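Only one structure is covered here, and it is reproduced in the block below.
Everything numeric in this text was worked out from a predicted model, so none of it was measured. Position 1 is the first residue of the sequence; numbering continues from there.
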Amino acid sequence: MIKEWQAHERPREKLATFGSASLTDAELLAVLFGTGTGGKDVLTWSRSVLQTANGLGGLLALSQERLLEIPGIGLARSMQVQAILEVTRRYLASTLRSGEGFTRPEMVKDYLAAQLRHQDREVFALLLLDSQHRLLHYCELFYGTINAAPVYPREIIKLVMRHNAAAVILAHNHPSGVAEPSQADQRVTTRIKEALTTIDVALLDHFVIGAGETVSFAERGWL
């Protein structure tokens with residue numbers, strides 16, 4: 001039983017003494033869930049949950065249906081996990097709206113990954129930005145099958161003009177988990193960039209979201 005452990009080994013006491021950064025992923029889950037299940041203490045059970053989900057990132061990417069398949073995670077705990085993910089999304093979105101996030105490219109990647117990584121079909125999304133590169137609007141514009149989503153540049157132009165955006169970031173996920181952009185991804189990016197150029201709007205980047213990696217077209221020198 002955790003209550004029988006020494007104080008510095010218990011997740012809550014460790015959090016209170018050393019701060020949240022000192023906790024392992026399993027210890028963070030143990031603090032969140034509070035109690036174990038199936039005869040396991042909460043820390044041992046949390047470790048098994050992470051192993052089943054392929055880590056904390058994998059756990060947060062799971063749909064409610066998939067979460068409920070993990071032994072010990074009922075409806076209440078699945079909602080806790082989903083609430084954490086939504087809090088993360090809203091925090092990142094508020095930072096991007098202030099413009100601060102665009103000084104830290106990793107934050108943009110994290111935001112897009114939080115929005116798209118859990119999707120089981122391909123989704124094509126846009127970040128619409130003002131002239132100071134603050135977030136105006138996030139939109140999931142096109143939906144497809146497990147390996148493709150149709151993309152129409154004219155619809156993107158309509159949305160850009162509706163929000164009076166000065167710059168755009170594209171993003172889409174690869175449900176296969178492999179983030180490497182395809183030739184089709186590169187072709188559609190070129191088409192969209194050319195279309196945006198006609199209305200004097202900059203295409204800043206195109207992110208491809210995989211299971212554990214996010215590829216940036218700008219970082220590859222493709223824009």
> Is the F124 ring parallel, tilted or perpendicular to the H206 ring (thresholds 30°, 60°)?
Replying inline: perpendicular

> Short question: side chain of D110, backbone of M107 - any donor-acceptor pair under 3.5 Å?
Replying inline: no

>> Taking the side chain as everything from C-beta on, heavy atoms only, tell me whether L203 gets closer than 4.5 Å to T189.
In response: yes

> Does any non-hydrogen side-chain atom of V49 lie less than 4.5 Å from one of I73?
Replying inline: yes

> Just wondering, more than 12 heavy atoms not from E155 lying within 6.0 Å of its CD?
Replying inline: yes

>> Looking at Q82 and S78, would you say the former's side chain and the latter's main chain have a donor-acceptor pair under 3.5 Å?
In response: yes

>> Connecting only ILVMFWY residues whose side-chain heavy atoms lie within less than 4.5 Å of each other, what is the rest of V31's hydrophobic cluster?
In response: L15, L23, L28

> Can you check whether P71's main-chain N or O pairs, donor with acceptor, with W45's side chain at less than 3.5 Å?
Replying inline: yes

>> Working note: L159 + L126, criterion side-chain contact (heavy atoms from CB on, under 4.5 Å); need CA distance, chi angles, decisive distance, verdict.
In response: CA-CA 9 Å; L159 195 63; L126 308 177; 3.6 Å; yes

> Can you name the one residue among L29, L60, L56, I70 that meets side chain to side chain contact (heavy atoms under 4.5 Å, CB included) with V81?
Replying inline: L60

> Is a side-chain donor or acceptor of N173 paired with a backbone partner of R121 at a separation under 3.5 angstrom?
Replying inline: yes

>> I'd like to know if E180 and R220 make a salt bridge, using a cut-off of under 4.0 Å between side-chain N and carboxylate O.
In response: yes

>> Please give me the minimum heavy-atom distance between P181 and Q186, naming the atom from each residue.
In response: O-NE2, 4.4 Å

> Does atom OH of Y152 have more than 12 heavy-atom neighbours from other groups under 6.0 Å away?
Replying inline: no

> Can you check whether P175 reaches Q119 side chain to side chain, under 4.5 Å on heavy atoms?
Replying inline: no

> With distance as the sole criterion, is a donor-acceptor pair present between the side chains of S182 and R187 under 3.5 Å?
Replying inline: no

> Do L59 and L67 pass the side-chain contact (heavy atoms from CB on, under 4.5 Å) test, and can you show the C-alpha distance, the side-chain angles, and the key distance before you say yes or no?
Replying inline: CA-CA 8 Å; L59 181 68; L67 283 169; 3.6 Å; yes

> Which word best sums up how the rings of H137 and H163 line up, parallel for under 30°, tilted for 30 to 60°, or perpendicular for over 60°?
Replying inline: parallel

> Hey, any chance L129 and Y111 share a hydrophobic cluster, counting ILVMFWY side chains that come within less than 4.5 Å of each other, even indirectly?
Replying inline: yes

> Any salt bridge between K109 and E219, counting N to O under 4.0 Å?
Replying inline: yes

> Would you say the side-chain atoms of T44 pair up with the backbone N or O of K40, donor to acceptor, closer than 3.5 Å?
Replying inline: no

> Between D205 and F217, is there a donor-acceptor pair closer than 3.5 Å when you use the side chain of the first and the backbone of the second?
Replying inline: yes

>> Check whether R191 reaches the backbone of P153 with its side chain - one donor and one acceptor, N or O, closer than 3.5 Å.
In response: no

